[in-house]
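Take a look at the structure below.
The basis for the numbers below is simple: all heavy atoms, side chains too, and nothing from hydrogens, waters or symmetry mates. The residues of the chain are indexed from 1 along the displayed sequence. As the structure is a computational prediction, the values presented were derived from the model and not from experiment.
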Amino acid sequence: MANFVEAKTQAEFESILVKDGSRFAVVHFQASWAPQCGQMNEVLTELAKQYTKAAFVKLDAEAVPEVSEKYAIASVPTFVLFKGGVQVDRMDGAHAPELTKKVQRLVASGDSEPERGPADLNERLKKLINAAPCMLFIKGTAQEPRCGFSRQMVALLNERNIKFSTFDILSDEEVRQGLKTYSNWPTYPQLYVKGDLVGGLDIAKELAESGELESVCPKAVTLEDRLKEAINRSPVMLFMKGSKEAARCGFSRQILEILNGAGVDYNTFNILDDEEVRQGLKTYSNWPTFPQLYVKGDLIGGLDIVKELQESGELLTVLKGDS
C-alpha cells in the first residue's frame, strides 16, 4: 500500500517526513517481538485504506534508536502524529479505538477527508470489534464512563482483572447506530470477545455470577507475568540499554563484548523501549542497575559480576547453566 510504508533508517524516516511534510502522517514505533504491534499494524492498514491522502509509517524502535530517543519513545507500541512535518499528537499503547479517533479528528481538521464506499460502515464496525481480543462499546471511556450501565460493566471487568479496550459510542453517531443493526443488539454497553458478541450488562453479570466470565474474556497480563516471560524468553537473557547491534551506554557495550567473546547464544531486551519493565525489573530482582544478565531465569548480575566470572574462567560454565 503506497501510503503505508516502513522506515528502516533515520534518513528514510526524515525523507518521508519531508516528502509528506504538507500532509498528515502517523508514525508507529514498534518492535517485532511485541504481538500488540502486529495487531496495531493491521489497524493502520485499514486506516491507510480510508485516509489515502495521509501517510502511515512503521519504524522499528530498536533498529533506529536515534529517532526513538528524539521522540522519547519509552515503550512500544507508541504512535507519533505529524502535520506539516511537526509533531501534533502522540499515543502510547495499543488502543485501536483511541488511535482511530485521533486520526479521524486530525485528518478532518485538514483537507483530507476519508474516502468511503457504501459497504465501508460494516467493514469499519468489523475492524473496531476485532481491534482488541476483548472490546467494550460504552458511553464514555474506561476512565470516565458516562452512564450507570457503562460504569457497572467497566467495574465488573476491572474487578476480575480482565484486559479490555473500549470505544466511546458518544463520539461517533454512525458507529452508535450502525452497531445496533450489525449485531442485532439494541442497547449499550456491548461486550465482544474475539469478534463475537457476548452481550450487555445483564449477560456479563450472569457470566460473572456463574464464574464463566474470566474464562470467556482474556485476563490482563500483570507486570510480574511480563517480567517472567521476558526473563525466560531465552536461556541467556540480557536486559540492557540498546540492542545487540547498537548498545546505548558504555556498560551495555562492554557486557556485549564479553558475551560475544564467550560464543554462547543469547537474547537482549532494550529497557529504553519499556519503562514499566525498566523500573519493575529493579524491584523484581532486587538489582538497581543495568545491564542485568539472566541464565535459565536466574539473575547472574551486572557487568562487574560478569567480569569477575570471565576473569575466574567460570563464565562459560555459568552461561551454559551448568552451575
Handout entry: Side-chain ion pair, E98 and K101, N-O less than 4.0 Å
Key = no

Problem - V43/Q39 under side-chain contact (heavy atoms from CB on, under 4.5 Å): CA gap, chis, key distance, verdict - result: CA-CA 7 Å; V43 174; Q39 294 166 5; over 6 Å; no

Completion exercise
In this structure, CD1 of I129 is separated from CD of Q190 (nearest 0.5 Å) by 8.0 Å

Handout entry: Sidechain-backbone polar pair: Y188 side chain, R176 backbone, donor-acceptor under 3.5 Å
Key = yes

Practice task
Drop me the distance from E314's CD to T317's OG1, to the nearest 0.5 angstrom.
Solution key: 7.5 Å

Exercise for the section: Output yes when a side-chain donor or acceptor of N3 lies under 3.5 Å from a complementary backbone atom of A48, and no otherwise. Expected result: yes

Practice task
Give, for atom CD of E229 and atom CG of L227, the distance between the pair rounded to the nearest 0.5 Å.
Solution key: 10.0 Å

Practice task
Output yes when a side-chain donor or acceptor of S312 lies under 3.5 Å from a complementary backbone atom of L309, and no otherwise.
Solution key: yes

Exercise for the section: Using the side-chain contact (heavy atoms from CB on, under 4.5 Å) rule, take F164 and N158 through it: C-alpha gap first, then chi angles, then the decisive distance, then the call. Expected result: CA-CA 9 Å; F164 64 99; N158 283 335; 3.3 Å; yes

Fill in the blank from the handout: Value for CG (D298) from CG (L293), rounded to nearest 0.5 Å, stands at 11.0 Å

Practice task
Check for a donor-acceptor pair, side chain of S183 on one end and backbone N or O of W185 on the other, with a separation under 3.5 Å.
Solution key: no

Practice task
Using the test ring pair (Phe, Tyr, Trp, His ring centres under 6.0 Å), find all partners of F137 that sit at least two apart in sequence or belong to another chain.
Solution key: F167, Y192

Exercise for the section: Tell me, with the steps shown, if V198 and C217 meet side-chain contact (heavy atoms from CB on, under 4.5 Å). Expected result: CA-CA 9 Å; V198 175; C217 300; 5.5 Å; no

Handout entry: Note: R124-D172 ion pair, threshold 4.0 Å (strictly below)
Key = yes

Problem - D274/R226 salt bridge by N-O under 4.0 Å criterion - result: yes

Handout entry: Test item: R248 side-chain N/O and L272 main-chain N/O as donor-acceptor pair under 3.5 Å
Key = no

Completion exercise
Output for pair (E62 CD, Q30 CD), nearest 0.5 Å, gives 10.5 Å

Problem - 4.5 Å side-chain heavy-atom contact, L106 and V88 - result: yes

Practice task
Check the side chains of N260 and Y266 for a donor-acceptor pair under 3.5 angstrom, ignoring hydrogens and angles.
Solution key: yes

Exercise for the section: Please tell me if the side chains of M91 and V80 come closer than 4.5 Å, counting only heavy atoms from C-beta onward. Expected result: no

Exercise for the section: Answer with yes or no whether the side chains of T78 and D92 bring together a donor and an acceptor at under 3.5 Å. Expected result: yes

Handout entry: Main-chain N/O of W287 paired with Q292 side-chain donor or acceptor, under 3.5 Å
Key = yes

Practice task
Find out whether V26 and V57 are in side-chain contact, i.e. whether some heavy atom of one side chain is under 4.5 Å from a heavy atom of the other.
Solution key: no

Handout entry: Expected output: side-chain S252 to main-chain A247 donor-acceptor under 3.5 Å
Key = no

Handout entry: F149 atom CZ: more than 12 heavy-atom contacts under 6.0 Å
Key = no

Practice task
Could you check E6, K58, H28 and say which one makes a side chain to side chain donor-acceptor pair (under 3.5 Å) with N41?
Solution key: H28

Exercise for the section: Give a yes or no on whether a salt bridge exists between E311 and K307, defined as a side-chain N under 4.0 angstrom from a carboxylate O. Expected result: no

Handout entry: Any donor-acceptor N/O pair, Q279 side chain to E275 backbone, under 3.5 Å
Key = no

Practice task
Classify the angle between the aromatic ring planes of F269 and W33 as parallel (below 30°), tilted (30 to 60°) or perpendicular (above 60°).
Solution key: tilted

Problem - Within-4.5 Å side-chain heavy-atom neighbours: L44 and F79 - result: yes

Practice task
Side-chain contact test, heavy atoms from C-beta onward, threshold under 4.5 Å: evaluate it for S150 versus K139 and give yes or no.
Solution key: yes

Practice task
I would like to know whether V295 and L319 meet side-chain contact (heavy atoms from CB on, under 4.5 Å); could you show each step before the answer?
Solution key: CA-CA 6 Å; V295 174; L319 292 176; 4.2 Å; yes

Problem - Same apolar cluster (I L V M F W Y, side chains within < 4.5 Å links), L191/L170 - result: no

Under 3.5 Å, sequence neighbours excluded: what are the donor-acceptor pairs made by side chains of residues 201-216?
from: K205; atom 1: NZ; to: Q152; atom 2: OE1; distance (Å): 2.9
from: S210; atom 1: OG; to: E206; atom 2: O; distance (Å): 3.3
from: S210; atom 1: OG; to: L207; atom 2: O; distance (Å): 3.0
from: S210; atom 1: OG; to: E212; atom 2: OE2; distance (Å): 2.7
from: S215; atom 1: OG; to: E212; atom 2: O; distance (Å): 2.7

Problem - Close side-chain approach of N267 to L238, heavy-atom, < 4.5 Å - result: no

Handout entry: Check: F24 and L81 side chains under 4.5 Å, non-hydrogen atoms
Key = yes

Practice task
Measure the shortest side-chain to side-chain distance between F239 and I231 over non-hydrogen atoms and say whether it is less than 4.5 angstrom.
Solution key: yes

Exercise for the section: Nearest 0.5 Å please: distance from the CG atom of D265 over to the OG atom of S234. Expected result: 7.5 Å

